[in-house]
Amino acid sequence: MKRDKTNSNINTNLNKCINKGKTKRIKKLIAASLITVLSFSLLGCGDTFSYKYGRGLYQLDNMQKADDTIPGLAPGSSEDDYASSSDPLNPQLPSGGIVNYADEDNEEFEALMKDYFKKAVTSDSLSYHYTIKDGSTYGIEAPKATLGDASADDAAVAKQKKEEEEFYKKLTSFENEPLTKEERFTYECMKTEYGITLHMFDNKYFYEPFSPMRGVQANLPTNFTDFRFDNKSDVELYINLMNQMKEYFDTLIKFEYEKSDAGYFMADEVADVVIKQCDDFIADKENHFLIQTFDDAIDGLDFLTAEEKESFKESDREAVINSAIPAFEDLKKAIKELKGTATNDKGICNYEGGKDYYADYLFPIFSGSSKTVSEEIQLMDERQKNKILELSVLAASNSEAYEYFTKNYGTLYKKYDNMKASELVDYIFDNCMEDFPDLDKINYKAKYLSKPLETIMDGVLAYYMSPPIDDEDNNLIYVNGAHPTDMWVTLAHEGCPGHMYQNNYFQSTNPSPVRAIQSNLGYMEGWAVYSSYSTLDKCDFGGSEYASTLAKISQINSDLGYLLYGRIDMGVNYEGWSREDTKNYLVKSGYSSDAADEVYTTIIGDPGVYLSYSVSYYEMEELRKYAEEQLGSKFDVKEYHKAILSCGPCQFSNLKTVVDEYILENR
């Protein structure tokens with residue numbers, strides 16, 4: 001998905017790798033097969049809990065006071081005032097009252113947004129290349145070929161912090177200025193996001209450029225394998241950037257030594273994962289996958305002569321051998337040398353200030369939620385009980401379907417797993433989109449990762465690569481052929497109605513450039529999980545007579561898997577769980593503790609990463625239930641989805657105002 005350049009360079013690498021719509025591999029934890037153990041464990045302990053479905057309406061219940069006050073209505077105002085205003089649904093206004101939008105654009109605000117957009121897309125060449133195809137459309141020149149400034153010394157970080165704070169000050173100067181409706185929503189979204197992202201400067205050492213899932217070494221290679229060649233200049237740019245990789249890595253490696261000296265180097269178990277990634281990358285130097293993929297791409301370019309193709313191939317080979325491979329060799333050497341210097345082999349909360357950093361930055365930036373971590377923990381624990389109870393009811397009411405699910409778990413989607421990726425994406429688009437607003441057929445390509453990348457990106461099932469905002473036809477979906485099962489849910493998540501559909505629908509609304517490049521991981525992953533689940537009732541599971549029940553069981557099973565990782569993430573990184581605590585939680589939840597060490601290493605290596613797949617989905621689900629309760633028979637799922645999609649990625653507090661407006665307009 002689009003890279004969000006709101007953050008400073010200290011966080012640039014994180015953004016490059018998390019905003020591509022990647023589906024991370026959740027282990028095949030078959031919750032359904034353990035339902036008997038789980039049910040007796042929970043109910044036999046004398047626990048009492050609400051039978052309310054999901055984590056759901058706890059916060060919303062608190063919002064609805066006894067006097068049925070409408071959210072956003074100014075004290076002393078009548079419902080008629082509320083309904084007649086141009087937009088009374090902005091609770092973030094300082095007055096708490098009715099909004100009067102400007103009829104014309106605010107020139108100063110538009111100028112600030114234009115400057116923001118320009119800075120965002122020109123901070124490095126990859127951001128520019130993947131965000132816009134023709135800079136002249138926006139009055140922007142391509143930046144000098146650069147991977148960006150990776151410096152993280154005190155002076156560089158202080159400069160970045162000052163620049164971000166100055167922008168935030170300029171932004172919030174428009175709090176009481178007249179803005180159009182679109183400008184006001186852009187303002188509120190950016191203000192909310194910046195209020196969170198400024199916390200990344202609380203401690204620069206909490207930033208880990210080489211984390212196993214979000215790190216440069218895990219994701220930068222795909223920025224090259226996915227590179228688009230529109231002309232000869234693009235080929236030259238590619239080789240230039242490849243030649244910069246060693247220097248870029250060396251700057252970040254220097255920061256690793258600084259982190260070690262300050263007592264913030266990664267745990268040994270995490271270091272081992274990074275070392276393994278480096279080994280996979282440098283395994284076949286002469287026939288390296290970056291050489292192979294480049295050669296294949298060059299052969300298909302009709303604007304190059306045969307001589308130019310051979311020349312570029314040789315230049316690329318030299319760049320890979322002399323820059324890319326040495327970059328990973330340098331990284332491996334440094335990580336091996338620094339291994340053993342960690343002062344903390346547990347969650348981030350075990351560092352001074354780490355708990356606040358997780359609560360103020362990591363949790364909201366990855367989940368998109370405005371709830372506190374403690375609130376989410378309570379809700380997630382409740383949700384687990386409710387989901388297990390729901391699964392128990394399904395198992396009791398249709399034992400044959402439940403038994404079919406457990407016996408055929410690995411082959412439930414066999415019919416669809418045997419399809420080519422593009423065939424399945426098209427099938428879902430043609431047969432499962434009736435609840436979503438109409439959209440013209442999306443032009444895309446579905447490709448499979450090369451064999452070396454299958455290993456390097458073993459934690460990735462598939463990912464969606466969005467096209468530049470001025471080139472809607474270059475959508476890409478990459479599939480990891482090493483994980484060929486459960487492709488229905490995977491491609492519904494990455495394709496339609498998930499990431500690809502969401503991005504293309506939003507871009508079809510012709511958003512302003514600054515909104516077009518804004519991305520919120522919580523919104524995007526929350527939507528992809530939520531919308532992919534909605535397709536399950538259209539799946540016939542190979543013609544099974546139990547299809548409708550299998551769809552429900554499959555969703556609950558998947559939900560429990562995401563929930564498990566999300567809850568452990570908060571337990572480890574906020575509550576301070578040890579490895580033993582994690583094992584105990586797994587056993588208490590009815591699972592084997594065999595996977596505890598691997599799960600724990602994943603969570604401490606990339607704190608917060610699974611919140612986007614659990615908490616964010618629950619936020620999406622919560623908003624849907626809220627709208628249904630408010631509108632009853634007047635709720636229209638297609639119109640609701642239109643409202644959710646038209647506003648684009650944002651924090652859920654901002655999305656709530658959109659849902660409130662949809663409710664008001666349809667009462």
Side-chain angles (χ1 to χ4, degrees), residues 18 21-31 53-59 213-214 347-348 358-359 361-388 390-391 459-461 486 489-490 492-493 498-499 520-534 536 554-575 577 582 585-586 589-591 595 599-600 602-625 651-652 655:
I18 66 175
K22 296 185 178 180
T23 299
K24 305 298 180 180
R25 177 166 53 92
I26 302 291
K27 282 189 170 296
K28 302 299 183 183
L29 299 168
I30 309 177
Y53 178 83
R55 83 189 254 284
L57 299 177
Y58 173 83
Q59 184 182 38
M213 291 175 68
R214 299 190 296 247
I348 198 169
Y358 183 84
Y361 178 61
L362 291 177
F363 178 82
I365 207 67
F366 282 109
S367 72
S369 175
S370 60
K371 293 180 176 65
T372 67
V373 183
S374 296
E375 287 173 337
E376 192 60 54
I377 287 172
Q378 179 181 349
L379 292 168
M380 198 173 282
D381 288 344
E382 186 82 354
R383 183 183 184 90
Q384 185 187 54
K385 295 177 182 179
N386 291 345
K387 284 298 173 182
I388 291 170
E390 189 178 348
L391 197 56
V460 176
L461 295 175
D486 297 343
V489 175
T490 296
H493 183 112
H499 289 307
N520 179 282
L521 194 64
Y523 171 102
M524 293 188 298
E525 294 300 346
W527 170 264
V529 174
Y530 161 86
S531 62
S532 64
Y533 283 168
S534 75
L536 286 173
S554 294
Q555 178 175 340
I556 296 171
N557 184 62
S558 180
D559 188 351
L560 285 169
Y562 281 132
L563 187 152
L564 193 76
Y565 273 73
R567 181 62 183 91
I568 293 174
D569 194 304
M570 293 185 290
V572 170
N573 289 302
Y574 184 76
E575 296 179 292
W577 288 3
T582 302
Y585 174 76
L586 286 170
S589 298
Y591 297 99
V599 172
Y600 196 86
T602 298
I603 296 302
I604 64 173
D606 287 274
V609 71
Y610 282 110
L611 301 177
S612 306
Y613 301 89
S614 53
V615 177
S616 301
Y617 162 58
Y618 308 150
E619 292 284 337
M620 278 287 179
E621 181 185 65
E622 184 178 87
L623 285 174
R624 163 74 177 267
K625 292 179 180 178
Q651 291 289 116
F652 286 105
L655 189 60

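Note that the structure is a prediction, hence the values are computed from the model and not measured.
If you take CZ on R567 and CG on L611, they are separated by 11.5 Å, rounding to the nearest 0.5 Å. The CD atom of E619 lies 14.0 Å from the OH atom of Y523; values are rounded to the nearest 0.5 Å. We find the CG-NE2 distance between D486 and H493 to be 13.5 Å, quoted to the nearest 0.5 Å. Note that OH of Y574 and OG of S374 are 3.5 Å apart. Values are rounded to the nearest 0.5 Å. From S616, atom OG reaches atom OH of Y530 across 14.5 Å, with rounding to the nearest 0.5 Å. Summarising the geometry, atom CG belonging to N520 is positioned 7.0 Å from atom CD1 belonging to I365; distances are rounded to the nearest 0.5 Å.
Using a 4.5 Å heavy-atom cutoff, the side chains of L560 and Y591 are in contact. Annotation: side chain of L362 is in contact with side chain of I348 (closest heavy-atom distance under 4.5 Å).
Shortest non-hydrogen contact noted between D559 and Y533 is N-OH, 3.4 Å. In this structure, E376 and S369 approach most closely via the heavy-atom pair OE1-OG, 4.4 Å. The heavy-atom pair separating I604 from G347 by the smallest distance is CG2-N, 3.9 Å. What you find for D606 and R214 is that their closest heavy atoms are OD1-N, 3.1 Å. For the residue pair S614 and M380, the shortest heavy atom distance occurs at OG-CE, 4.0 Å. Minimum interatomic distance between K387 and I556 (heavy atoms only, all atoms of both residues): O-CG2, 3.8 Å.
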Open item on the list: As a quick check of understanding, evaluate side chain to side chain contact (heavy atoms under 4.5 Å, CB included) for I568 and L586, giving each step before the final call.
Closed with: CA-CA 9 Å; I568 293 174; L586 286 170; 4.1 Å; yes

Open item on the list: Go through it in stages, so that I can follow the logic: the residues are Y585 and L564, the test is side chain to side chain contact (heavy atoms under 4.5 Å, CB included), and I'd like the CA-CA distance, side-chain angles, deciding distance and then a yes or no.
Closed with: CA-CA 9 Å; Y585 174 76; L564 193 76; 3.6 Å; yes

- [ ] Test side chain to side chain contact (heavy atoms under 4.5 Å, CB included) on F366 and E525 and set out the steps.
- [x] CA-CA 9 Å; F366 282 109; E525 294 300 346; over 6 Å; no

- [ ] Check step by step if side chain to side chain contact (heavy atoms under 4.5 Å, CB included) holds for W577 and I603.
- [x] CA-CA 11 Å; W577 288 3; I603 296 302; over 6 Å; no

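Looking only at distances, a side-chain donor or acceptor of S532 sits under 3.5 Å from a matching main-chain atom of A528.
A salt bridge between E622 and K625 is absent, with no side-chain N of the basic residue lying under 4.0 Å from a carboxylate O of the acidic one. A salt bridge does not link E390 with R383: none of the charged nitrogens is closer than 4.0 Å to a carboxylate oxygen.
In summary, of the residues considered (Y618, Y613, Y617), a ring-ring contact (aromatic ring centres under 6.0 Å, His included) with Y562 occurs for Y613 alone.
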